[in-house]
Trainee: 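Got a structure here, written out as C-alpha cells. Questions coming.
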Amino acid sequence: MNPTTPSKTLPQDILSKAATMARGLAIDAVHASQSGHLGLPLGCAEIGAVLYGHVLVHCPSHPEWLNRDRFVLSAGHGSMFLYAWLHLSGYAEISLDEIKRFRQLHSKTPGHPELTHAPSGIETTTGPLGQGLANSVGMAIAAKMAEARFNTKEHTIFDHHIVCLAGDGCMQEGVALEAVELAGHQKLDNLIVIYDSNAVTLDAMAAETQSLDAAKRFEAIGFDVQTVAGHEMDSFYAAFERAKHAGSGKPQLIIAKTLIGKGIPEVEGTQKAHGEGGAKFAESARKGLGLPPEPYYVAPEVSAFFAGRRRELEAAYEGWRETFEAWRAANPKLAEQLAVSSAYAHTVPRDTKLRTPNAATLLAAVPEFPADAKIATRKAGQDVLQPLAAKVPLLMGGSADLYGSTLNYIGDLKTGDDDFKPNRRGGRNIRFGIREHGMCSVLNGIAAHGIFRASGATFLVFADYCRAAIRLAALSHLPVIYVFTHDSVGVGEDGPTHEPVETIPALRLIPNLDVIRPADPEETAGAFVAALDRTDGPTLLALTRQNVPLLAEIPVSARREGALKGGYVAKRETAPLELILLGAGSELQHALAAAKTLGPGTRVVSMPCFTRFDRQPAGYREEVLPRACRKRVAIEATVPSTWARYVGLDGAAIGIDRFGLSAPGAAVMKELGITAEHVVEVAKNV
C-alpha cells in the first residue's frame with residue numbers, strides 16, 4: 001500500500017536546494033539559541049532531502065496514519081535535522097515560529113526530540129544515544145505483528161517501513177548492539193538503518209575510540225549492508241530503494257559516508273563541528289551556501305515543491321483509507337481489536353475511538369484464588385495474566401531469557417507455541433535473550449508504534465540495567481508494563497548480587513512511573529489490572545519469588561480495588577485509633593500479624609503503589625491515613641527512605657540499609673529484622 005515515489009528519476013536540483021534550506025534553518029536556529037548540535041543536520045542534509053522529499057511514506061496532514069513509515073532520529077542531539085525537514089514537509093506543529101524558538105521554554109522544538117512535545121512527525125523520544133535505534137527495532141517488531149494480525153488476503157493495511165538515522169555514538173552504545181542483534185536474529189526486513197558515518201565523535205575523531213569494521217559486524221548479525229557517499233543523492237536514493245525492496249528477509253544497513261558540519265568550512269570534518277562550534281560562522285556560512293542575509297529563509301520553489309509532495313502523500317493516504325474502510329467492513333472482529341488499541345490516540349484513525357476494557361471488566365475476568373492458597377506473587381501473576389490477555393488481545397509479552405522464572409508467558413510456556421518468530425509473526429511472546437536494557441528499549445518502540453500493549457520481564461535487581469529505558473518510557477508517557485520478579489532479599493540463596501534492597505526506592509523516584517508491589521495473589525490481580533488500565537505512563541510490577549500467604553482476613557474486593565487505588569485500609573481498628581502500621585508487598589503480612597499484638601486501636605494500611613495512592617482525592621487519602629494519627633510504623637524489605645512521606649517525623653520505617661545475605665530467604669528476612677516481632681518492638685517505642 002505504500003505509494004510510489006513521484007517519479008523514477010530523483011529531482012536532484014530542487015532537492016539540492018531543499019538541502020541548502022535545511023542547512024540554513026539549522027545554522028540560524030543554533031546560532032540564535034547559542035546552543036545545539038550542527039554537525040548532523042548539516043552533514044546529513046542530502047539524506048534528509050531524499051527521505052522527506054522523495055521516499056518516506058507519511059502524511060503531514062494526517063500524522064496519525066497507521067501505515068505511515070516511521071522515521072526515528074536516534075542521534076537525537078541533531079534534532080534540528082528533524083525539525084527542519086518536518087517544517088519543510090508541512091507539519092503544522094513545527095512552524096517557522098517554532099523553529100525560531102529552538103531550545104526555548106515551552107517550545108515544540110526542544111533540544112532533543114520529545115514525543116510529548118510535538119507528536120506530529122516525532123515518533124519517539126531520543127537523545128540518550130542508542131535508545132532510538134533500539135526503539136526502531138521495537139517498531140519493526142510491532143509492524144510485523146500488525147501485518148500478521150490484521151492483513152488479509154483481500155486487504156493489506158500494514159506494509160510500512162521503519163527508518164532510523166544513527167551515528168557513531170549510537171553504534172558505540174551497548175543498548176544498540178543488544179537491539180540490532182535481536183533485529184538480525186528476528187529477520188526484521190522492514191527495518192532500514194542509516195548509519196551517518198562521519199568519522200567524528202564529540203571529543204575526538206572516531207578513530208581514537210573505535211576500530212571495528214561496521215559492515216562486517218552488521219553482516220555477521222544478519223543485516224544486508226551497503227556503503228554509499230552520503231552527499232550523493234542519487235547514490236543514496238538507489239541504496240535506499242535496494243534496501244526497501246531487497247527481498248532477502250534481512251534488516252538493512254546503509255552506511256552513509258558524510259562530512260560532519262558540511263557547509264561551514266571552518267569546522268567541517270572535525271569534532272568542533274559536532275556541537276554549536278560552527279554557529280559563530282553563521283554569516284559566512286549562509287553566504288557560502290548561497291543563502292540571502294535574511295535568516296530562516298526558505299526559497300519559494302522549495303516550498304512549492306513540498307506542497308506538491310504533500311498533495312501526492314495525501315492522495316496516497318486517501319487511497320489507503322479506502323482500503324482500510326473496505327477491510328473494516330469485511331473484518332468487523334479484527335477492526336474491533338484494532339479499535340481497542342491502548343496506545344496513543346493520535347496513532348489511530350480519527351474516527352476510531354480509543355478505548356480499553358475498564359478495570360471492573362478486567363477484574364471480573366480473573367477468578368478468585370482459593371482461601372488456602374500460598375503461592376508466590378510471580379505465580380499468582382501467571383494465573384492472573386492468562387484471562388487478562390484473553391480480554392486484551394493486543395497485549396504482547398517478553399522476557400530476558402527468564403520465562404521459566406518470571407512466569408509471564410502468554411499461553412502455554414511448555415509448548416512455546418505462541419512465540420514471535422520469523423515464521424510466526426502473530427506470536428505474542430518475544431524471547432529477548434540476555435538483553436535486559438535492549439528489551440526495555442525495544443518495548444518502548446513497540447509502545448510508541450501505537451498498536452500493541454508492550455510488557456516485558458526480568459528479575460527486579462536487573463532494573464538498573466533497564467533504568468535508562470524505563471526513564472524514557474516515563475518521560476514519554478508510554479504505557480509499558482514491566483513484570484519484574486524476585487523482588488527482595490526473600491530471593492535468599494542467590495545472595496546480595498541478586499537481592500534488590502535499594503531498587504524499589506530508586507524506581508519510586510522516577511517521575512510518572514507507577515511501581516506496584518502487591519502483598520498477595522488478590523492484590524496481584526488488582527496490580528495487573530491497574531497496569532493495563534493505565535495508558536499515560538509505564539507501570540512496574542514487583543513480584544515475589546517466595547510464597548506468600550493469601551491474606552484472607554481482608555475481603556477480596558478490598559485487596560483488588562485497594563491495589564488499583566495504590567493504598568487502602570487492610571485492617572481497621574476496633575477502638576479509638578492510636579497507631580497505623582503500613583506495609584507493602586510480602587511484608588504486609590508482618591504488619592497484620594503485629595497488629596494482633598498491638599491492640600484494638602491499631603490500623604493496618606497496605607501501600608502497594610505510592611504514586612497511585614497519591615493520585616487519589618485528598619478525602620480518600622485522609623480517610624486511609626488520617627493526619628491526626630501521627631504514631632506510624634512502616635515495614636518493607638527495602639532501603640526505607642521513601643516511606644518518610646507517610647510515616648512523618650514522628651513515625652518510623654523498618655527496612656534494610658545494607659546489602660543482603662546468601663541464605664534461605666526466611667532466614668535472611670529474620671536476620672535483617674523484617675519480622676512481625678520487630679514491628680511490635682518499634683511500635684512500642686515510637
Side-chain angles (χ1 to χ4, degrees), residues 1-2 57-58 63-72 74 115 119 122-126 131-151 156-164 179-180 182-193 251 334 337-349 352 354 356 389 392-399 410 418-422 424-432 435 438-456 469 472-473 476-482 535 538:
M1 289 302 301
N2 285 346
V57 179
H58 64 119
E64 79 287 349
W65 185 5
L66 281 172
N67 198 39
R68 69 190 182 277
D69 287 341
R70 271 71 166 175
F71 174 78
V72 175
S74 186
L115 184 59
I122 309 293
E123 299 291 356
T124 185
T125 300
T126 57
Q131 293 289 338
L133 183 48
N135 292 174
S136 299
V137 174
M139 292 180 187
I141 288 172
K144 288 294 185 184
M145 287 181 167
E147 290 173 11
R149 292 286 189 91
F150 298 110
N151 287 350
T156 297
I157 60 168
F158 290 113
D159 63 352
H160 54 277
H161 286 74
I162 313 302
V163 181
C164 176
V180 295
L182 181 68
H185 176 72
Q186 287 286 357
K187 302 185 184 303
L188 300 177
D189 57 359
N190 57 345
L191 174 65
I192 302 174
V193 178
L334 286 178
Q337 269 195 29
L338 189 57
V340 300
S341 172
S342 302
Y344 282 91
H346 77 265
T347 65
V348 300
T352 300
L354 178 72
T356 56
V392 187
L394 298 184
L395 173 68
M396 56 70 54
S399 190
I410 299 172
D418 208 3
D419 284 3
F420 174 83
K421 293 181 177 180
R424 193 191 294 135
R425 296 304 195 189
R428 298 179 70 175
N429 300 279
I430 301 174
R431 296 181 185 270
F432 282 99
R435 301 183 178 101
M439 173 183 73
C440 289
S441 297
V442 167
L443 294 177
N444 285 353
I446 293 171
H449 183 266
I451 295 173
F452 295 93
R453 283 303 300 268
S455 67
L472 284 174
S476 304
H477 295 241
L478 293 171
V480 180
I481 300 170
Y482 311 102
T535 59

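Computed over heavy atoms, backbone and side chain alike; hydrogens, waters and symmetry mates excluded. All figures in this text were calculated on a predicted structure; none of them were measured in a lab.
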Trainee: Using the rule side-chain contact (heavy atoms from CB on, under 4.5 Å), only one of Leu182, Ile162, Leu191 pairs with Ile141; which is it?
Mentor: Leu182

Trainee: What residues form a side-chain hydrogen bond (donor to acceptor under 3.5 Å, both in side chains) with Ser441, not counting sequence neighbours?
Mentor: Gln131

Trainee: Compare all side-chain heavy atoms of Met396 with those of Leu443 and state whether any distance is below 4.5 angstrom.
Mentor: yes

Trainee: Evaluate the side-chain proximity of Leu334 to Arg149: yes if any heavy-atom separation is below 4.5 Å, no if none is.
Mentor: no

Trainee: State, with a plain yes or no, whether a side-chain heavy atom of Leu133 is found less than 4.5 Å away from one of Val193.
Mentor: yes

Trainee: Mind running side-chain contact (heavy atoms from CB on, under 4.5 Å) on Arg425 and Asn151 for me, showing each step along the way?
Mentor: CA-CA 12 Å; Arg425 296 304 195 189; Asn151 287 350; over 6 Å; no

Trainee: Could you check whether any side-chain heavy atom of Asp69 comes within less than 4.5 Å of a side-chain heavy atom of His58, counting everything from C-beta outward?
Mentor: no

Trainee: State, yes or no, whether a side-chain contact exists between Ile157 and Asn67 at a heavy-atom distance under 4.5 Å.
Mentor: no

Trainee: Which residue in the set Leu478, Asn135, Thr125 passes side-chain contact (heavy atoms from CB on, under 4.5 Å) when paired with Leu472?
Mentor: Thr125

Trainee: Is any side-chain heavy atom of Thr535 closer than 4.5 Å to a side-chain heavy atom of Arg453?
Mentor: yes

Trainee: Give a yes or no on whether the backbone of Lys421 and the side-chain of Arg424 come within a donor-acceptor separation of less than 3.5 Å.
Mentor: no

Trainee: Any side-chain heavy atom of Ser476 sitting closer than 4.5 Å to one from Thr124?
Mentor: no

Trainee: In terms of ring plane angle, is the pair Phe158 and Phe150 parallel, tilted or perpendicular, where the classes change at 30° and 60°?
Mentor: tilted

Trainee: What I want to find out is whether Arg431 reaches Asp419 closely enough, with some N-O distance under 4.0 Å, to be called a salt bridge.
Mentor: yes

Trainee: Gln186 side chain to Phe420 main-chain N or O, any donor-acceptor pair under 3.5 Å?
Mentor: yes

Trainee: As an exercise, state the distance from CG of Asp189 to NZ of Lys144, rounded to the nearest 0.5 Å.
Mentor: 3.5 Å

Trainee: Just wondering, do Arg68 and Arg70 contact through their side chains at under 4.5 Å, heavy atoms?
Mentor: yes

